[in-house]
Amino acid sequence: MDSLREIEESKSLRNLGYDIFYLRKTFSTMDFAKEALEFGKYFRAIIVAEEQVRGRGRKGRKWFSPKGGLWVTIVTPIPKDKLELVSIIAGLAVILSLRELYGLNVQLKWPNDIVYLGFKLGGVLVENIIYGNEIVSLIGIGINCNNSSLDLGIGGTISLREILGRSISRKKVLEKVVINLERLLRKYSTPEIVETYKKHCFSLGKKVKVKLNEEIIEGFVCDITNKGGLVIRTSRKDRIIIDHGDVLEHEGVKYKLS
Ligand code: BTN
């Protein structure tokens, strides 16, 4: 197994002002991050665990987090103009990093599932906390790295080791992700972020079925708005914008959506 513990000594992350917490086992790095923020006021921190026993996914789902994966929460202040786009930015930081490191065609299924050929490789969960004038984001990232997707007990998932046929360095992946995250948060404009997202969006052009309030909408994804919303063209040729609905069916996806 690669040595994730070495992340504690990472010069590039320390130079960016991050405190680093390496944990062998925790309930969830999200919960640990919240406590660290409350008790120690760590506004810039990286919490990484070898294993989570109560990992959380989006929409209250359970997130299986066995040894070998990269399970991390990055705590960072967010510029106000980027607040609506944080989860898209985090997803982009991951896929750009995996593309740069391994030349893989990794994409984002709206809003921020990390997919490879329709298989789920990872995901992003963002929780924001307001402190006076500051907004601090807890950016939870899970990437199947050196673990076997079979250990997850969910069909349609995949790991980097399975794609590449070898183990990878989670330290390298994490360093790259944080560097890209900083770049996207502090140097990119909103239009640049949305343009980059569109380039790597698995959902564009695909047929989807979405539940919005109590209505089911079916159509093709034809665009992404400046706030990261999905634009769907229905068979009646209406254009409908979805900011938060549940995607029930998505063409090309190999895992179960719920
Ligand atoms: C998703 O549902 O796709 C998002 C999954 C996010 C999982 C990561 S793993 C590290 C962090 N800690 C958690 O409990 N969840 C996030």
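When a ligand or atom number is given, it counts from 1 through the structure's own listing order. Both backbone and side-chain heavy atoms feed into the values below; hydrogens, waters and symmetry mates do not.
- Side chain to side chain, T26 and Q52 fail the donor-acceptor criterion of an N or O pair below 3.5 Å.
- Taking distance alone, with nitrogen or oxygen atoms compared against 3.5 Å, R54 stays at or beyond that limit from ligand 1.
- Note: no N/O pair closer than 3.5 Å links T73 and ligand 1 by distance alone.
- Under a 4.0 Å criterion applied to the non-hydrogen atoms of K120, ligand 1 contributes the atoms 1 (C), 3 (O).
- Ring planes of F202 and H250: parallel class, angle under 30° (limits at 30 and 60°).
- Comparing L70, T29, L138 against atom 11 (C) of ligand 1, the shortest heavy-atom distance belongs to T29.
- For F32 and F21, the ring centers sit closer than 6.0 Å to each other.
- In summary, the side chains of E162 and S159 do present a donor paired with an acceptor at a separation below 3.5 Å, with no hydrogens or angles considered.
- For K59, the closest heavy-atom approach to ligand 1 does not fall below 4.0 Å.
- Here D113 has side-chain heavy atoms under 4.0 Å from ligand 1, and that is the only part of it that gets that close.
- Counting heavy atoms closer than 4.0 Å to ligand 1, residue N112 contributes nothing at all.
- Below 3.5 Å of separation, one finds no N or O of W71 facing any N or O of ligand 1.
- Distances below 4.0 Å separate heavy atoms of S28 from the following atoms of ligand 1: 12 (N), 13 (C), 14 (O).
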